[in-house]
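Written below as structure tokens is the structure these notes are about.
These numbers come from the heavy atoms of this one structure, side chains and all, not from hydrogens, waters or symmetry mates.
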Amino acid sequence: MARALELAKRGLYTTDPNPRVGCVVVRDTHVVGEGWHEYAGGPHAEISALARAGESARGATAYVTLEPCCHQGRTAPCTEALIRAGVRRVVAAMVDPNPQVAGQGLRLLEAGGILVECGILEREARTLNVGFVSRMRHGRPFVRCKLAMSLDGRTAMATGESQWITGGPARRDVQRLRARSSAILTGIGTVLADDPSLTVRWQELNESPTPARQPLRVVLDPQLQISPSARLLQLPGRTLIVTTGDPGYRRIKRLAAGAEVVPLPGTPDAIDLSALMTLLSDRAANEVLLESGATLSGAMLRAGLIDELVIYAAPILLGSAARGLFQLPELHRMEQRIALKINDIRAVGEDWRITAQIQD
């Protein structure tokens, strides 16, 4: 199963919106076939592994990181393929949270005479597909908030100047976060101040996956202030501008070449963030990377919509007048503090990357 998880990780950047899945077929203690889901619409992991195993799959055990699918999508059900191949036993890391499967795949395998086990390295399998699990179970994507700060907790000078707080290795590491994300989310303030591209720079990762996709770029712009000349509107890939009310035909027409404009409930200053999560889930977004200033990051934190923080801390000090990480109401007592669980700390070049989650 550990080998199957390694194979599944090969699809980290390419399977979206499908889950990342790996499969290993073993007969008489020998691996006779391996496979992983390479890209959405392509063969599933089980199909690739069975093809490599050929007749050796008969009587073998298939280790797969996610319950085999039992419904017809862009590809045929994997349960049928496993039964036809004569596999004797299937070991799954976890049940598929997709309501179209959700245990039915395992039951069909048992009905077909196959021995079934489930739950081997389940935590690792869930971690690999944390966004897919969130969307299927909770109806919203997994939100990862990326922040860069000085050691005194500042993200930009009082003037807004922020390039560059961290060094090159940390910025390349951010490209990996972007590459695995379904969407990159920011606010209009960041777009007006920094004119970001919000793209994956594959050349910095020394990788060129097929297909080399770009995440959906999402800009929250309640009053539709974005300029048609904004950099992210000129680049390949999809851009979604989320506004409130009726943005007006002429304004839509000016932006139409570079973006889709969608109205959501909200106020002149803020989008309804719960409605935004529903919108992104309906568009099959599994993992969302939040790259924004303190206002939007603070609003997402207050709404309980940030699942993970990835903070790059640089060995510099910016002073007390510089801008902070989150715009939050003043806390008067220690019992009001927001507790974090640190899951990982490691050096990235001269900076430190802290991965944490909000404690309930």
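Checking side-chain atoms of D221 against main-chain N and O of V242 turns up no donor-acceptor pair under 3.5 Å. Using modelled atom types, no side-chain atom of T79 and backbone atom of G105 make a donor-acceptor pair closer than 3.5 Å. With hydrogens and angles ignored, the 3.5 Å screen pairs a side-chain donor or acceptor of D272 with a backbone N or O of S274. Using modelled atom types, one side-chain atom of T155 and one backbone atom of G324 make a donor-acceptor pair closer than 3.5 Å. No donor-acceptor pair under 3.5 Å is formed between the side chain of H37 and the backbone N or O of P19. With hydrogens and angles disregarded, a donor-acceptor distance shorter than 3.5 Å links the side chain of R20 to the backbone of L12. Side chain of T243 to backbone of P222: a donor-acceptor contact under 3.5 angstrom is found. Remark: side-chain polar atoms of D96 are paired, donor with acceptor, to backbone N or O of N98 under 3.5 angstrom. Remark: side-chain polar atoms of S281 are not paired, donor with acceptor, to backbone N or O of M277 under 3.5 angstrom. Side-chain N or O atoms of Q234 include one that pairs as donor or acceptor with a backbone N or O of P228 at under 3.5 Å.
Here the closest heavy-atom approach between residue A284 and residue D16 is recorded as O-OD2, 4.4 Å. Among all heavy-atom pairs drawn from G187 and L296, the shortest one is N-CD2, 3.7 Å. When all heavy atoms of L220 and L273 are compared, the closest pair comes out as CD1-CD2, 3.9 Å. Between V218 and A183, the shortest heavy-atom distance links the atoms CG2-CB, 4.1 Å. In terms of heavy-atom proximity, G41 sits nearest to N18 at N-ND2, 4.1 Å. Across every non-hydrogen atom of V191 and A230, the tightest pair is CG1-CB, 4.4 Å.
In the displayed structure, E55 atom CD is contacted under 6.0 Å by at most 12 heavy atoms of other residues, nucleotides or ligands.
Note: the hydrophobic cluster containing I311 does not contain L317 (ILVMFWY, side chain heavy atoms under 4.5 Å, direct or indirect links). V91 and W36 fall within the same hydrophobic cluster, where Ile, Leu, Val, Met, Phe, Trp and Tyr residues are linked whenever their side-chain heavy atoms come under 4.5 Å apart, directly or through other members. A single hydrophobic cluster is not seen to contain both L115 and L106; linkage of ILVMFWY side chains at heavy-atom distances under 4.5 Å, directly or through other members, places them apart. Follow the hydrophobic side-chain contacts under 4.5 Å out from L305 and you reach L279 in the same cluster. Residues L109 and M1 fall into different hydrophobic clusters, defined by Ile, Leu, Val, Met, Phe, Trp and Tyr side chains chained together at heavy-atom separations under 4.5 Å.
For R171, the side-chain contact (heavy atoms from CB on, under 4.5 Å) partners at least two apart in sequence or on another chain are W164, T166. Scanning for salt bridge (Lys or Arg N to Asp or Glu O under 4.0 Å) contacts around R217 gives an empty result, with sequence neighbours left out. Under the salt bridge (Lys or Arg N to Asp or Glu O under 4.0 Å) criterion, R52 pairs with no residue at all, not counting sequence neighbours. With sequence neighbours excluded, the residues forming a side-chain contact (heavy atoms from CB on, under 4.5 Å) with A179 are Y13, V200, W202, L205, listed by chain and number.
Between E6 and K9, no side-chain nitrogen of the basic residue sits less than 4.0 Å from a carboxylate oxygen of the acidic one, so the salt-bridge criterion is not met. Electrostatic pairing of E204 and R178 does not count as a salt bridge here, judged by no charged N lying under 4.0 Å from a carboxylate O.
Two residues are said to be in side-chain contact when any heavy atoms from C-beta on lie closer than 4.5 Å; V288 and M300 fail this criterion.
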| message | Is there a side chain to side chain contact (heavy atoms under 4.5 Å, CB included) between N343 and K341? Walk through the geometry before answering. | response | CA-CA 6 Å; N343 293 324; K341 179 184 178 183; 3.6 Å; yes
| task | Output, in order, the C-alpha distance, side-chain angles, deciding distance and verdict of side chain to side chain contact (heavy atoms under 4.5 Å, CB included) for L224 and T244. | result | CA-CA 8 Å; L224 213 59; T244 56; over 6 Å; no
| request: Take R10 and E34, measure what salt bridge (Lys or Arg N to Asp or Glu O under 4.0 Å) needs, and give me the verdict at the end. | output: CA-CA 12 Å; R10 297 185 183 183; E34 294 185 336; 5.7 Å; no
| field | Derivation of the side chain to side chain contact (heavy atoms under 4.5 Å, CB included) call for T190 and E291 | value | CA-CA 9 Å; T190 297; E291 294 193 42; over 6 Å; no
| query | What's the verdict on salt bridge (Lys or Arg N to Asp or Glu O under 4.0 Å) for R353 and D344, showing C-alpha distance, side-chain angles and the deciding distance? | reply | CA-CA 8 Å; R353 187 186 70 199; D344 184 73; 3.7 Å; yes
| task | Before giving the answer on side chain to side chain contact (heavy atoms under 4.5 Å, CB included), spell out for V310 and I354 the whole-Å C-alpha distance, their side-chain angles and the decisive distance to 0.1 Å. | result | CA-CA 6 Å; V310 180; I354 305 167; over 6 Å; no
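Residues Y312 and D173 have side chains that bring a donor and an acceptor to within less than 3.5 angstrom of each other. Counting only N and O atoms by type, the side chains of S292 and T186 include no donor and acceptor under 3.5 Å apart.
Among pairs with a residue in residues 103-122, those fulfilling side chain to side chain donor-acceptor pair (under 3.5 Å) read R89-E117, E122-R126, at least two apart in sequence or across chains.
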Going by atom type alone, with no hydrogens or angles, which donor-acceptor pairs under 3.5 Å involve a side-chain atom of residues 133-150 and a protein atom two or more places apart or on another chain?
from : atom 1 : to   : atom 2 : distance (Å)
S134 : OG     : R140 : O      : 2.7
R135 : NE     : N286 : OD1    : 2.6
R135 : NH2    : P17  : O      : 3.3
R135 : NH2    : N286 : OD1    : 3.2
R140 : NH1    : D307 : OD2    : 3.1
R140 : NH2    : D307 : OD1    : 2.9
R140 : NH2    : D307 : OD2    : 3.4
R144 : NE     : E308 : OE1    : 2.7
R144 : NH1    : E287 : OE1    : 2.9
S150 : OG     : D152 : OD1    : 2.3
S150 : OG     : R154 : N      : 3.1
S150 : OG     : R154 : O      : 3.4

